[in-house]
There are 2 protein chains.
Amino acid sequence: MVKKQKDATTQQRILEAARKVFIEKGMAGARMQDIADEAGINKALLHYYFTSKDMLFEQIFQQASARFIPHINEVIESDVSLLEKIEHICVNYVTLIMSKPFMPLFILNEVHKQPEAFLQRMWGGQKPKLHKLAEQIEHEVKRGTIKPIHPMHLFMNIMSLSIFPFLAKPMLQYMSKMSDKAYWQLMEERKELVSKFIIDSIRK
Amino acid sequence: MVKKQKDATTQQRILEAARKVFIEKGMAGARMQDIADEAGINKALLHYYFTSKDMLFEQIFQQASARFIPHINEVIESDVSLLEKIEHICVNYVTLIMSKPFMPLFILNEVHKQPEAFLQRMWGGQKPKLHKLAEQIEHEVKRGTIKPIHPMHLFMNIMSLSIFPFLAKPMLQYMSKMSDKAYWQLMEERKELVSKFIIDSIRK
DNA sequence: GTCTATATTCCGATAGAC
DNA sequence: GTCTATCGGAATATAGAC
């Protein structure tokens, strides 16, 4: 009568294996056999739990991306200064990505393959309200507290500096000959630094 | 006796079609049928010119990435000030990517799948000499002409601000509801702006 | 060189025993 | 629930006529 609790269920093992393989090879490159091997079972059992590869991918993707998207609207709509918002967003991004460093490339790829469908599913009604942030930026520009800048450039800068170093990690590591540990240390510093760069670049 | 010159040869048409399809769908997602259709021929002829899909991909990849990598070493080793180098690198990157906007994602993906093999082939002995740039950065920091910064962070910032907006174009466009034309206009401005951001962020 | 037709391989999915 | 064996379709690759 006592159910096993300590071991992961087969279903959980499949989901974990699938996430790993899909993220590593993408939807097109992943093989059901790879996933079965990774989970320590056989292909037939995959189809017993998840009818098709598409279904399985859907599951993985939904779950992964839903948990991944930061609650950027909460920050945007919060009642704090622009500079504080920038700081929050940067720290949130870098921290989040450090916990799932492969997600950005995964998401970029799927968006690239079918932008509309993907992005709608991804945000489901809570798309970042960029215009609100833009208004605040323009307001500060008019007040003369920061340098003139197109809000989109500022937002691009925030995302670029936070996300790109993870996308390009293999390349940057290859170029610099840094160890994993050293690279990670750099990313740890970056949590604080990114917003500093941004703020220095718009401060008068 | 007169060879046709004005029309592209079949081989050229295949290469062009293959580049388009591979860059759009990646190695795993691309189908030989797609390439044949794009080139206006049939599959058999593909194999007549290029024995296998792997061979064809190799060709495309070599050529595309070789032409794509900017001659960053020339800039690094040139005899100008650090700030001028930064400006050159940024302008070069943005200009280059504007001409081939899908290359960054393509390269990032292939690097991700097999980092070592890929990167070695990509640079073949002319890997960017980051350490030389790093020395110059550290020198300027010591002289007190710029704020203290880890050279890697500075280099990451340069690449991030130049490349990421192209990687994330579909997403950023979706969020901002910008037209293609407006987005392109923004990228045009960015050629100049990126180095300004960088320089503002390290200037004392 | 280019085509049609066909062989071969790979992979997602199912049948059926235990 | 889990396995082995196998089907069926899709994709790569080849044979052979023109």
Side-chain angles (χ1 to χ4, degrees), chain A residues 1-64 106 109-110 113-114 117, chain B residues 1-64 106 109-110 113-114 117:
Chain A
M1 292 302 238
V2 181
K3 284 182 186 173
K4 281 192 288 183
Q5 293 283 351
K6 64 171 187 174
D7 289 352
T9 68
T10 302
Q11 184 164 20
Q12 286 170 334
R13 294 223 317 285
I14 292 175
L15 284 169
E16 203 166 331
R19 179 164 41 249
K20 186 176 170 188
V21 174
F22 277 132
I23 286 176
E24 191 174 326
K25 310 196 174 182
M27 165 66 178
R31 302 289 144 232
M32 292 297 265
Q33 186 65 60
D34 298 337
I35 297 172
D37 292 347
E38 182 71 31
I41 57 168
N42 64 9
K43 276 190 300 175
L45 204 52
L46 279 186
H47 287 94
Y48 173 79
Y49 282 96
F50 302 90
T51 20
S52 70
K53 187 183 175 184
D54 284 332
M55 289 286 182
L56 184 51
F57 182 78
E58 196 66 18
Q59 295 272 331
I60 296 302
F61 175 72
Q62 292 283 11
Q63 165 184 337
F106 181 64
N109 273 316
E110 299 310 318
K113 275 158 200 158
Q114 26 179 323
Chain B
M1 288 305 235
V2 182
K3 285 182 187 175
K4 281 191 289 184
Q5 291 283 352
K6 63 170 186 173
D7 288 353
T9 69
T10 302
Q11 183 163 19
Q12 286 170 333
R13 294 223 319 284
I14 291 175
L15 284 168
E16 204 167 331
R19 180 164 42 250
K20 185 176 172 190
V21 174
F22 278 132
I23 287 176
E24 189 177 314
K25 310 195 175 181
M27 165 65 180
R31 299 286 94 113
M32 293 297 265
Q33 186 66 60
D34 298 336
I35 297 172
D37 291 348
E38 182 72 32
I41 56 167
N42 63 9
K43 280 187 296 176
L45 205 50
L46 278 185
H47 289 281
Y48 173 78
Y49 282 96
F50 302 91
T51 7
S52 69
K53 185 183 174 183
D54 284 333
M55 289 288 182
L56 183 52
F57 181 78
E58 196 66 17
Q59 295 272 334
I60 295 302
F61 176 71
Q62 293 282 14
Q63 163 184 337
F106 178 66
N109 271 316
E110 301 308 320
K113 274 158 201 158
Q114 25 176 326

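Just so we're on the same page: letters track the sequence lines, and every chain starts at 1.
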*Asks:* Base, sugar-phosphate alone, or nothing: which one does A:A30 contact when heavy atoms must sit under 4.0 Å apart?
*Replies:* sugar-phosphate
*Asks:* Could you check how far NE2 of A:H47 sits from C1' of D:dC7, rounded to whole Å?
*Replies:* 13 Å
*Asks:* Both B:K43 and A:K43 contact DNA chain D. Taking the nearest nucleotide for each, which residue is further toward the 5' end?
*Replies:* A:K43
*Asks:* With a 4.5 Å limit on heavy-atom distance, are the side chains of B:F22 and B:I35 in contact?
*Replies:* yes
*Asks:* Could you state the interatomic distance from OH (A:Y49) to OG1 (A:T9), rounded to the nearest 0.5 Å?
*Replies:* 7.0 Å
*Asks:* Verify the neighbour count for atom NZ of B:K113: are there more than 12 heavy atoms of other residues, nucleotides or ligands below 6.0 Å?
*Replies:* yes
*Asks:* Could you state the atom-to-atom distance from CD of A:Q33 to C1' of D:dT4 in whole Å?
*Replies:* 13 Å
*Asks:* If I take atom CZ in residue B:R31 and atom P in nucleotide D:dA13, what distance separates them, rounded to the nearest angstrom?
*Replies:* 11 Å
*Asks:* Between B:I41 (CD1) and D:dT12 (P), how many Å, whole number?
*Replies:* 14 Å
*Asks:* What is the distance, to the nearest angstrom, from the CD1 atom on B:I35 to the C1' atom on D:dA13?
*Replies:* 14 Å
*Asks:* Which nucleotide span of DNA chain C, 5' end to 3' end, has atoms closer than 4.0 Å to non-hydrogen atoms of chain B?
*Replies:* C:dG1 to C:dT4
*Asks:* Does B:E110 reach the side chain of B:F57, with side-chain heavy atoms less than 4.5 Å apart?
*Replies:* yes
*Asks:* Would you find more than 12 non-hydrogen atoms of other residues, nucleotides or ligands less than 6.0 Å from A:K25 atom NZ?
*Replies:* no
*Asks:* Does a side-chain heavy-atom distance below 4.5 Å link A:Q63 with A:R19?
*Replies:* yes
